[in-house]
Peer 1: 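Please read through the structure below; I'll follow up with questions.
Chain letters run A, B, ... following the sequence lines, proteins first, then strands; residues in each count from 1.
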Amino acid sequence: MIERLLTDKVKEAVYSLYHLDADPSQIQLQNTRKEFDGDITLVVFPFTKFSRKSPEATATEIGEYLKLNLREVENFNVIKGFLNIIVKNEYWLKFLSENYKSYTYGYGEKSEKKPVVVEFSSPNTNKPLHLGHIRNNLLGFSLSRILAASGKNVVKVNLVNDRGIHICKSMLAWQRWGNGETPESSGMKGDHLVGKYYVIFDKQYKEEIAAMVAQGSSPEDAAKKAPLIIEAQLLLQKWEARDEATIGLWKMMNGWVYEGFAKTYKTLGIEFDKTYYESQTYLLGKELVEKGVQQGVYKRRDDGSVWIDLSAEGMDEKLLLRSDGTSVYMTQDMGTAMQRYKEYQPEQLIYVVGNEQEYHFNVLKVVLKHLRCEWADSIYHLSYGMVELPAGKMKSREGTVVDADDLMQEMFDTSEAMARELGKLDSFEGEDAVNLYRTIGLGALKYFILKVDPRKNMLFNPAESIDFNGNTGPFIQYTYARIKSVLRKAEETGLDVSMSKVQDADMFSQEKELLKKIHDFPVVLMQAADIHSPAVIANYAFELASEYNRFYHDLTILKEENIMSRSLRLSLSLFTAKVIANALWMLGIEVPERM
RNA sequence: GGCCUCGUAGCUCAGUGGAUAGAGCAGCAGCCUUCUAAGCUGCGGGUCAUAGGUUCGAAUCCUAUCGGGGUCACCA
């Protein structure tokens with residue numbers, strides 16, 4: 001890498017010129033802006049303190065040194081405090097010829113070290129997946145691939161929330177108003193059917209409360225004493241007592257939901273290495289709490305509940321165990337974290353969970369630290385923002401959710417209509433046509449979500465459907481398909497795609513811009529893995545595709561008479577296609593060979 | 001109210017200590033006899049929420065204020 005060479009040489013130059021050791025953070029290299037001449041720019045302001053000279057003079061001195069002592073430096077120019085370094089064509093051509101065939105350019109070395117465990121998705125089995133879950137799933141899946149590409153050994157896990165009062169609500173509603181309805185009898189997808197009864201419960205429950213309030217109860221009181229909620233709680237107790245009929249109903253309805261989820265995951269292209277169920281893990285963590293009590297780091301109150309005082313950390317008191325001895329959310333998470341620590345000895349334990357749970361994860365770390373679990377530092381909460389609708393937040397009870405299955409179907413429909421209109425489907429038949437517009441529709445959806453910085457809230461406007469032009473997944477897919485078409489044509493005509501004949505070809509600015517963009521990929525990947533952000537990869541992929549499109553329009557690739565130039569452009573195209581395909585793979589977006 | 005977070009073009013978003021702040025969409029004007037027009041080129045559009053501060057240099061860091069969101073349950 002040229003950056004590495006330059007960093008070392010600049011350090012050497014500063015030492016030789018000013019007899020001072022430059023701190024690595026002072027050596028700031030960046031890509032030269034397009035409007036200036038040069039490839040890489042060194043910011044010299046930090047060195048003016050040492051040189052006691054003007055920025056211009058300092059830059060010139062360092063520039064002279066580099067030109068003299070680094071083979072790869074062709075020349076330089078100085079504008080204010082910026083030293084613009086021009087790298088020899090020879091370097092770029094060598095870089096291209098050495099790497100253009102690689103299928104894994106920029107990937108990190110596969111380490112045999114401890115794994116990174118990524119938990120994502122974690123759905124509830126009482127309602128179908130919506131747009132918020134899609135963001136979660138895409139982020140978790142993409143992050144896993146980015147980490148894998150950067151060399152980590154990744155384990156993707158899902159923790160299904162399959163028990164609790166909310167599950168009992170849909171069970172109760174189905175018992176009472178379901179008339180034995182099943183996915184088969186109703187033709188509904190299992191998760192949607194169960195979700196329907198969850199909504200019915202909520203509606204009936206609200207009516208009961210309203211009636212009780214009309215009779216003079218307080219709203220709080222009514223919410224606690226409504227017959228329906230009492231009965232749901234009873235059902236939960238029966239479940240916990242392993243009552244046969246209740247367990248049977250629970251298994252049946254959860255089974256419906258799992259079938260539905262499996263379909264959604266498949267359509268979305270998401271998969272896991274391991275799935276955990278809360279019904280099997282919800283008791284974990286209790287011993288941990290007991291241990292904490294014995295060690296005196298947690299306190300048991302007179303009513304039997306267990307608490308931790310976190311005022312030293314600037315947080316409140318937190319409940320760890322209820323007075324009746326049952327566990328809360330925190331107890332379970334302590335248990336599952338410990339379970340994962342024991343099972344995988346992970347280097348990092350990543351949770352992809354919405355930002356509304358930031359406080360929870362901060363507390364989780366601190367609570368574990370009090371138990372002297374130093375590994376709690378390896379917990380990383382990838383906290384992503386909400387998906388908002390123009391009207392505000394999505395609320396399932398108000399029917400303002402965007403259903404995952406519906407949204408994907410809409411994307412497929414729009415994609416199909418658009419492809420037909422453009423005549424893109426003319427050369428495809430049957431299943432191939434379906435595969436194409438599904439690939440494109442899904443690409444548009446995934447890119448739309450992943451290009452946004454995970455931490456930020458994002459807006460989705462259902463009225464304006466997701467675009468297929470501009471900064472979109474289809475644009476990048478299109479670029480890939482177009483490159484493949486060029487390469488096919490080259491092969492048919494027997495043109496040489498190899499770089500074997502290229503030693504000293506000229507490079508036009510558009511070719512060089514493209515090559516430099518590819519050259520950046522390893523750095524981009526490292527950064528994405530470092531800050532856990534698929535958006536970094538998404539935006540890079542768009543920039544690379546844009547650069548290729550400009551290159552494509554400015555230069556004829558196949559018609560070029562000069563063999564060297566033609567080989568250069570073909571290998572550059574091949575290289576671009578590979579990097580685009582890899583970047584999209586990390587986003588979970590498929591690439592079409594033709595479109 | 002305490003804590004966290006966000007505020008960049010009409011809209012959706014990049015840019016997180018460096019040069020004259022960038023894309024896409026929307027609007028306007030061009031480009032299909034060329035390897036794919038889901039494309040390319042050009043034009044217009046900005047008090048980077050506001051006010052201070054730190055420094056050679058701030059959209060980026062610090063402080064305050066305003067505005068949006070989140071959170072502070074014996075819910076998960």
Peer 1: So, is A:Arg322 close to the B:C75 phosphate, meaning a side-chain N or O under 4.0 Å from OP1 or OP2?
Peer 2: yes
Peer 1: What's the CG-P distance between A:Asp333 and B:C75, to the nearest Å?
Peer 2: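 Rounded to whole Å, this separation is 16 Å.
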Peer 1: Below the 4.0 Å mark, does B:C13 have OP1 or OP2 next to a side-chain nitrogen or oxygen of A:Asn539?
Peer 2: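 Indeed not, no polar side-chain atom of A:Asn539 lies that close.
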Peer 1: Check whether any side-chain N or O of A:Lys424 sits under 4.0 Å from OP1 or OP2 of B:A38, and answer yes or no.
Peer 2: yes
Peer 1: How long is the line joining CG of A:Asp316 and C1' of B:A73, in whole Å?
Peer 2: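 Taking CG of A:Asp316 and C1' of B:A73, I get 11 Å after rounding.
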Peer 1: Give me syn or anti for B:C48, where syn covers glycosidic angles within 90 degrees of 0.
Peer 2: anti
Peer 1: Can you tell me how far C1' of B:A14 sits from CD1 of A:Ile537, to the nearest Å?
Peer 2: 15 Å
Peer 1: What is the distance, rounded to the nearest whole Å, between atom CD1 of A:Ile440 and atom P of B:G39?
Peer 2: 12 Å
Peer 1: Does B:C56 have OP1 or OP2 under 4.0 Å away from a side-chain N or O of A:Lys53?
Peer 2: no
Peer 1: Distance between the C1' atoms of B:G39 and B:C25, in whole angstroms?
Peer 2: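 Between the two C1' atoms, the distance is 16 Å.
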Peer 1: Is the shortest heavy-atom distance from the side chain of A:Lys224 to the side chain of A:Ile230 under 4.5 Å?
Peer 2: no
Peer 1: Within the 4.0 Å heavy-atom criterion, would you say A:Val43 contacts the bases, only the backbone, or no part of the nucleic acid?
Peer 2: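 Touches a base.
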Peer 1: Calculate the interatomic distance between A:Lys451 atom NZ and B:G15 atom C1'; express it in whole Å.
Peer 2: 15 Å
Peer 1: Whole angstrom is fine here: how far is it from CD1 in A:Ile40 over to P in B:A19?
Peer 2: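 For the pair A:Ile40 CD1 and B:A19 P, the rounded distance is 17 Å.
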Peer 1: Checking all strands, does A:Phe475 fall into the base, sugar-phosphate, or nothing category for heavy-atom contacts under 4.0 angstrom?
Peer 2: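 A:Phe475: backbone/sugar contact only, no base atoms under 4.0 Å.
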Peer 1: Quick one: is B:A14 close enough that its OP1 or OP2 comes under 4.0 Å of any side-chain N or O from A:Lys456?
Peer 2: yes
Peer 1: Hey, does the side chain of A:Arg482 come within less than 4.0 Å of B:A37's phosphate (OP1/OP2), counting only N and O?
Peer 2: yes
Peer 1: For A:Tyr359 and B:U71, is the shortest distance between a side-chain N/O and OP1 or OP2 below 4.0 Å?
Peer 2: no
Peer 1: Suppose we call a contact any N or O donor and acceptor under 3.5 Å apart; does that hold for the side chain of A:Ser323 and the base of B:C74?
Peer 2: yes
Peer 1: Between B:U63 and B:C28, how far is it from one C1' atom to the other, in whole Å?
Peer 2: 45 Å
Peer 1: Rounded to whole angstrom units, what separation is found between the CG atom of A:Asn457 and the C1' atom of B:G7?
Peer 2: 12 Å
Peer 1: So, OP1 or OP2 of B:A19: does either fall under 4.0 Å of a side-chain N or O from A:Arg33?
Peer 2: yes
Peer 1: Report which part of the nucleic acid A:Glu35 touches: base, sugar-phosphate, or nothing (heavy-atom distance under 4.0 Å, all strands).
Peer 2: nothing
Peer 1: Can you check the A:Leu364 CG to B:U71 P distance for me, whole Å?
Peer 2: 18 Å
Peer 1: Could you check whether A:Arg550 gets within reach of a base, just the sugar-phosphate, or nothing at all, counting any heavy atom under 4.0 Å?
Peer 2: sugar-phosphate
Peer 1: Report yes or no: is the cationic atom of A:Arg135 (NZ for Lys, CZ for Arg) under 6.0 Å from the centre of the six-membered ring of A:Tyr384, at an angle within 45° of the ring normal?
Peer 2: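 Verdict for A:Tyr384: no cation-pi partner in A:Arg135.
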